[in-house]
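Read through the structure below, which is laid out as structure tokens, and then see the notes.
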Amino acid sequence: VQLQASGGGLVQTGGSLRLSCTASGSIVSIDYMDWYRQVPGKHRELVATFTTAGNANYVDSVKGRFTISRDKAMNSVYLQMNSLKSEDTGVYYCHAGISVFGDSKPYYDVFWGQGTQVTVSS
């Protein structure tokens, strides 16, 4: 199973980007998909996720500016980022819990995408 993330880039303060992540491979089912980011010198942090009830949850610093969405049929998750600030600069990773077809039976594992760089210039 692979998670392929895309959509990062260089944008000016106040601009927008849309990140995409698609899971592929021998997937039985996807439990969750969410987004993390890592800013230089800091730990990786959870940016956006869904609760078990299906409601979106965000780190306080992005509330009102970022929107997470998911297309279950496409095994994809998206992150719409508006009103970007310089402090949003970092590497963004998609993250998922997935049941995978194994040799004899399915098994559950957690996967990370390769990361996509977001740079916001002032």
Side-chain angles (χ1 to χ4, degrees):
V1 171
Q2 288 188 329
L3 298 181
Q4 183 68 43
S6 62
L10 174 64
V11 65
Q12 290 187 330
T13 299
S16 298
L17 285 173
R18 185 175 187 253
L19 306 184
S20 301
C21 176
T22 298
S24 62
S26 301
I27 297 170
V28 175
S29 62
I30 298 178
D31 183 21
Y32 65 86
M33 298 183 83
D34 47 35
W35 289 97
Y36 282 71
R37 70 182 175 192
Q38 187 154 22
V39 175
K42 295 187 177 181
H43 294 296
R44 193 174 295 188
E45 68 171 348
L46 178 61
V47 175
T49 188
F50 290 102
T51 66
T52 54
N55 300 313
N57 248 358
Y58 304 93
V59 67
D60 285 346
S61 60
V62 309
K63 285 180 180 177
R65 300 187 297 120
F66 289 13
T67 302
I68 187 173
S69 60
R70 185 172 162 190
D71 185 335
K72 293 185 178 181
M74 297 298 292
N75 291 337
S76 295
V77 65
Y78 308 96
L79 187 66
Q80 178 66 43
M81 306 186 295
N82 299 328
S83 302
L84 282 161
K85 304 176 181 180
S86 57
E87 51 261 45
D88 296 318
T89 294
V91 180
Y92 285 69
Y93 298 90
C94 60
H95 170 252
I98 301 175
S99 291
V100 181
F101 285 108
D103 290 338
S104 58
K105 62 180 180 179
Y107 64 91
Y108 185 86
D109 207 345
V110 175
F111 297 88
W112 291 90
Q114 83 283 10
T116 185
Q117 176 70 45
V118 171
T119 303
V120 184
S121 65
S122 55

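Because the structure is a prediction, the values reported are computed rather than measured.
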Just how far is it from atom CG of D34 to atom OG1 of T49, taken to the nearest 0.5 Å? 4.0 Å
Okay, side chain of Q114, backbone of A5: is any donor-acceptor separation there less than 3.5 Å? yes
Please give me the minimum heavy-atom distance between A48 and Y58, naming the atom from each residue. CB-CD2, 3.6 Å
Between Y78 and T67, is there a donor-acceptor pair closer than 3.5 Å when you use the side chain of the first and the backbone of the second? no
Run the side-chain hydrogen bond (donor to acceptor under 3.5 Å, both in side chains) check on T22 and S76 step by step: do they pass? CA-CA 4 Å; T22 298; S76 295; 2.8 Å; yes
Can you confirm whether the side chains of T119 and Q117 place a donor and an acceptor under 3.5 Å from each other? yes
Tell me, do M33 and C21 make a side-chain contact under 4.5 Å, heavy atoms counted? yes
Do you see a donor-acceptor pair shorter than 3.5 Å between the side chains of S16 and N82? yes
Between K63 and D60 (salt bridge meaning N to carboxylate O under 4.0 Å), is one present in this structure? yes
Using the six-membered ring wherever Trp is involved, compare the ring planes of W112 and Y93 and label them parallel, tilted or perpendicular (cut-offs 30° and 60°). perpendicular
Hey, is CD on Q2 packed in by over 12 heavy atoms from elsewhere, all under 6.0 Å? no
Would R70 pass as a cation-pi partner of F50, given that its NZ or CZ must be under 6.0 Å from the six-membered ring centre and within 45 degrees of the axis? no
Give the minimum heavy-atom separation between V110 and Y108, together with the two atoms involved. CG2-CE2, 4.5 Å
What is the minimum heavy-atom distance between V11 and L17, and which atoms define it? CG1-CD1, 4.0 Å
Side-chain heavy atoms nearer than 4.5 Å, only ILVMFWY residues, links allowed to pass through others: does that put Y107 and I27 together? yes
Minimum heavy-atom distance T13-S122, with the two atoms named: OG1-CA, 3.3 Å
Return the minimal non-hydrogen interatomic distance between P106 and V28, and the atom names on each side. CB-CG2, 4.0 Å
Between CD1 on residue I68 and CD on residue Q80, distance to nearest 0.5 Å: 12.5 Å
Linking I/L/V/M/F/W/Y whenever any side-chain heavy atoms sit under 4.5 Å apart, do F111 and Y32 land together? no
If hydrophobic clusters are built from ILVMFWY residues whose side chains come within less than 4.5 Å, do V118 and Y36 share one? no
Does V120 share a hydrophobic cluster with V59, counting links as ILVMFWY side-chain heavy atoms below 4.5 Å and allowing steps through other members? yes
Rounded to the nearest 0.5 Å, the OG atom of S29 sits from the CZ atom of F101 at a distance of 8.5 Å
With rounding to the nearest 0.5 angstrom, report the CE to CZ distance, M81 to R18. 11.0 Å
Return the CG to CH2 distance between L19 and W35, rounded to the nearest 0.5 Å. 4.5 Å
Show the nearest heavy-atom pair for residues R37 and V47, with the distance to one decimal. CG-CG2, 3.4 Å
Hey, mind stepping through I98 and L3 against side-chain contact (heavy atoms from CB on, under 4.5 Å) and telling me if it holds? CA-CA 11 Å; I98 301 175; L3 298 181; 4.2 Å; yes
Are V91 and V77 connected in a single hydrophobic cluster, I mean Ile/Leu/Val/Met/Phe/Trp/Tyr linked by side-chain heavy atoms less than 4.5 Å apart? no
